[in-house]
Amino acid sequence: MGVSQGQETGYVQEDNRTMKGTIREIITKALDGAIAGGALKTRKPVILERPKREEFGDFSTNLAMLLAPEEGRSPRDIASILVEGIAASPVVARCEVAGPGFINIFLKRSYWYSILAEILRKGEGYGDLDTGGGEKIQVEFVSANPTGPLHIGHGRGAAVGDACANVLKAAGFDVTREYYINDVGRQMETLGRSLFLRYQELLGMPVEFPDDYYRGEYMKEIARDFLTKYGTRYRDARPGEPGDDSLPVFIEFAKDSIMSGIKKDLADFGVGFDVWYSEKDLFDKGLVEETLKELEGRNVLYEKDGALWFRTTDYGDDKDRVLVKADGSTTYFASDTAYHREKLKRGFKRIVDVWGADHHGYQPRMKALFKALGEDEERLKIIFIQLVSLSRGGVPLKMSTRAGEFITLREVMEEVGKDACRFFFLMRRPDAHLDFDLELAKKQAPENPVYYVQYCHARIMSIMEFARERGVDVPDVVGPDTLKELSRLDQKEEVAIIKHLAGFEEVIEKSAVEMEPHRVTFYLQELAGLFHPYYNRNRVVTDDPGLTTARLLLCRAVATVVAKGLGLLGVSAPKKM
RNA sequence: GCGCCUGUAGCUCAGUGGACAGAGCAUCGGCCUCCGGAGCCGAGUGUCGGAGGUUCGAAUCCUCUCAGGCGCACCA
């Protein structure tokens, strides 16, 4: 029923299919036809690409070259057979054989207008795909230990994890965002003791901090809160010592306080989680023990030197790993084993972990776990986040690349703003080092890509406001009466913008499949890079009603896609700046 | 020593089998009686770290090699 089935093309763009899929189908049908007619006999999947050079068409396929070896004839011969079938499609303007045997396809302009109409009809829903088919997928990210505030590295992980989750959701997956809290073990005891010492310090008692204690300023604040709540009640406590049960009090207080800070940081950063999963719960529910039993039943455990080992080397790891130490306590890996087994039991078909790159040594043992449990290791995807190097006006901050370890997410967020912060984190591939220049991120100037993209949206909103003030009707969708006006968008720049808009779905699909949200960031910069020059050379609101309508529709589509794309990144699309 | 990641224009980086390798910034020179100048126009730049190999075709795949980062716990 969409306006896209306008008589001009006789073409119906079906929902739930990307344009690329549509073109691929045209080629497949041409191949089927050739086979049915006896001209060809080999069937192969169609690989489509968008050529960089426009003289090579809107789409191009190497199908003929792939078929050549088995067909026993030249790629160009095969291509010329296929070209006939492809050219017969009502959306194809022309189709030709080029170079060694490429088939270059040029689509009719009317087809592009129908795509534009389709984009407008879908509105904010444009970009939503069903690639994932509703499959349950879990993205676990940040999962910072509750021993201190989030630093800049966690921020990058948060931005990437959240954007991945957004993109996966758009691509049709059933996404659960999860944060794993390491709230058990020795580090928690250290945290509790650290609080106790700060508490005693506030009470004027002489204290000495061991090197491995948490000594940040934030601990002093927590100690003040503790003092407010408990007064001098624990003044002479001996946490952790026999006969004294105060340690859990300190631990709980510190942990809760830090976690609420982390939650606030994340909320202000625009990141929300569906599940906060506690490591302690794994133990309380007996899941760690249950997992050990299962592994034992699978004959992958053994005892040595008083410890219980997991023979991960049978599944590709460098060395076997300890699950239960000689002193009877379990390792972090034991918890993680139980946790990931639980993820599988909870029905997630695919599991995504976002880790700091310094944890890459853990990948083989986690993969080993999946294999030992008889699961396809491909169900686990680990995204590694490389370090962030902070600089200010080109000057590196602190002395090492580890500056990011000491600067909190909140500090950066407050200095440069949430939008710039998130956008910058998503300008690079996750596994590439990131140079984050605070001055640049703050700068409200053209060299700052965040504003360049946001400005595109604000500018269009402003144009529409201008039109309304002039009494011009600003349409959101193409109606039967306005469809014909789209042909007024006949400039090269206008068609180029429509073509770029049409590629949005492919970008989302690729971002989701590869879990590389930075592709969206690049896409948006390109889109803004097409729109601004166009705007500068052409007036949208003119005395010509038909032309004005057509251009307003084009603007609407650009604004919608920019807003949608920024939304996926967790960046706002302002109406005014 | 072993493993993982990275090496592409002056800088920061896209680009993972296609046709003469792209963008932003920086540099230089232009554009405001005009819907937002946070914008636009024009100009130059490459041994894709190196060497072999696979392929009709390689920045992309394989092998070796050089450089940088990170990891190699009965820590979390």
Side-chain angles (χ1 to χ4, degrees), chain A residues 47 49 51-53 55-56 60-62 65 68-69 74-75 98-102 104 145 147 182 184-188 190 212 279 304-309 317-319 321-336 356-364 384 386-387 389 394 401 427-437 440 443-456 458-467 469-470 472 514 516 518-519 521-523 525-526 528-529 531-542 548 551-552 555 576-577:
Chain A
I47 295 169
E49 68 173 53
K52 288 173 243 174
R53 301 162 60 89
E55 62 261 41
F56 294 150
S60 173
T61 180
N62 61 353
M65 287 181 278
S74 83
F102 287 105
N104 295 337
N145 292 337
T147 55
N182 296 112
V184 66
R186 209 169 56 87
Q187 65 168 358
M188 284 294 101
T190 304
D212 60 339
E279 181 182 10
K304 192 182 86 179
D305 303 331
L308 186 64
W309 297 70
D317 198 4
D318 304 345
K319 52 181 74 167
R321 308 293 173 178
V322 170
L323 291 174
V324 182
K325 300 183 237 174
D327 67 3
S329 63
T330 55
T331 59
Y332 172 86
F333 180 49
S335 302
D336 239 5
D358 55 340
H359 286 69
H360 67 249
Y362 271 72
Q363 183 164 20
F384 293 102
Q386 265 296 355
L387 286 176
S389 313
T401 52
M427 284 201 310
R428 302 278 176 265
R429 265 182 12 237
D431 59 356
H433 289 262
L434 171 67
D435 270 357
F436 193 137
D437 195 301
L440 176 60
K443 209 178 257 183
Q444 307 209 345
E447 68 257 35
N448 187 340
V450 189
Y451 290 95
Y452 187 74
V453 175
Q454 288 185 318
Y455 185 57
C456 178
R459 178 173 250 178
I460 291 173
M461 292 301 113
S462 168
I463 294 168
M464 291 177 170
E465 193 49 43
F466 175 85
E469 282 167 9
R470 293 290 189 88
V472 176
E514 305 292 333
E516 294 180 335
H518 72 278
R519 292 171 183 279
T521 315
F522 278 88
Y523 171 86
Q525 291 183 78
E526 285 163 6
F531 183 77
H532 287 306
Y534 168 67
Y535 164 87
N536 216 259
R537 271 193 291 265
N538 300 279
R539 283 194 66 85
V540 173
V541 181
T542 65
T548 300
R551 289 185 172 171
L552 281 170
C555 285
K576 286 193 165 96
M577 295 173 70

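Here is the naming used below: chain letters follow the sequence lines, and residue numbers restart at 1 for every chain. If you're wondering where the values come from, they're calculated on a predicted model, not measured in any experiment.
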Can you tell me how far P of B:rC13 sits from CG of A:Leu440, to the nearest Å?
12 Å

Nearest-nucleotide comparison on RNA chain B, the residue closer to the 5′ end among A:Arg537 and A:His518
A:His518

Spacing of the C1' atoms in B:rA26 and B:rU45 (rounded, Å):
12 Å

Taking only the side-chain heavy atoms of A:Tyr535 (C-beta and beyond), determine which of B:rG36, B:rC5, B:rC74 contains the nearest atom.
B:rG36

A:Arg321 and A:Lys319, any side-chain heavy atoms less than 4.5 Å apart:
yes

Examine B:rA23: is either OP1 or OP2 under 4.0 Å from a nitrogen or oxygen in the side chain of A:Tyr523? Give yes or no.
no

Of the listed nucleotides (B:rC56, B:rG36, B:rC74), which one gets closest to any side-chain atom of A:Asp305?
B:rC74

With rounding to whole Å, what would you report as the distance between B:rA43 and B:rA9 at their C1' atoms?
15 Å

Of A:Lys304 and A:Ala357, the one whose closest RNA chain B nucleotide lies more 5'
A:Ala357

With a cut-off of less than 4.0 Å, is there a side-chain N or O of A:Arg429 near OP1 or OP2 of B:rU6?
yes

What interatomic distance, in whole Å, is found between C1' of B:rG36 and the corresponding atom of B:rG46?
38 Å

What's the gap between B:rU16 and B:rC11 when it is taken at their P atoms, as a whole Å value?
23 Å

Say you pick atom P in B:rU60 and the same atom in B:rG68; how far apart are they, in whole Å?
22 Å

Side chain of A:Ile463 (C-beta onward), nearest among B:rA19, B:rC35, B:rC74:
B:rC35

Should B:rG52 form a Watson-Crick or G-U wobble pair with both distances under 3.5 Å, which nucleotide is its partner?
B:rC62

OP1 or OP2 of B:rA19 versus the side-chain N and O atoms of A:Lys52: is any pair under 4.0 Å?
yes

Distance, rounded to the nearest Å, where A:His532 contributes NE2 and B:rG36 contributes C1'
10 Å

At 4.0 Å (heavy atoms only), tell me whether A:Ala432 reaches a base, stays on the sugar-phosphate, or touches nothing.
sugar-phosphate

Tell me whether the side-chain N/O atoms of A:Arg428 come closer than 4.0 Å to OP1 or OP2 in B:rU6.
no

Return the value, rounded to whole Å, for the distance between atom CD of A:Glu49 and atom C1' of B:rG22.
15 Å

Tell me, do A:Tyr534 and A:Arg551 make a side-chain contact under 4.5 Å, heavy atoms counted?
yes

Mutual orientation of the aromatic rings belonging to A:His360 and A:Phe384 [parallel < 30°, tilted 30-60°, perpendicular > 60°]
perpendicular

Scan A:Glu55 against the nucleic acid and name what it touches under 4.0 Å (heavy atoms): base, sugar-phosphate only, or nothing.
base

Determine if the base of B:rC32 is syn or anti; take syn to mean the glycosidic torsion is within 90° of 0.
syn

Using the C1' atom in both, what is the distance from B:rG50 to B:rA67, to the nearest Å?
11 Å

A:Tyr452 has an atom OH; how far is it from atom C1' of B:rC25, in whole Å?
13 Å

Any side-chain heavy atom of A:Arg470 within less than 4.5 Å of one from A:Thr548?
no

Which value, in whole Å, describes the distance between the C1' atoms of nucleotides B:rA59 and B:rG15?
8 Å

Is the ring of A:Tyr455 stacked on the base of B:rG36, with centres less than 5.5 Å apart and planes under 30° off?
no

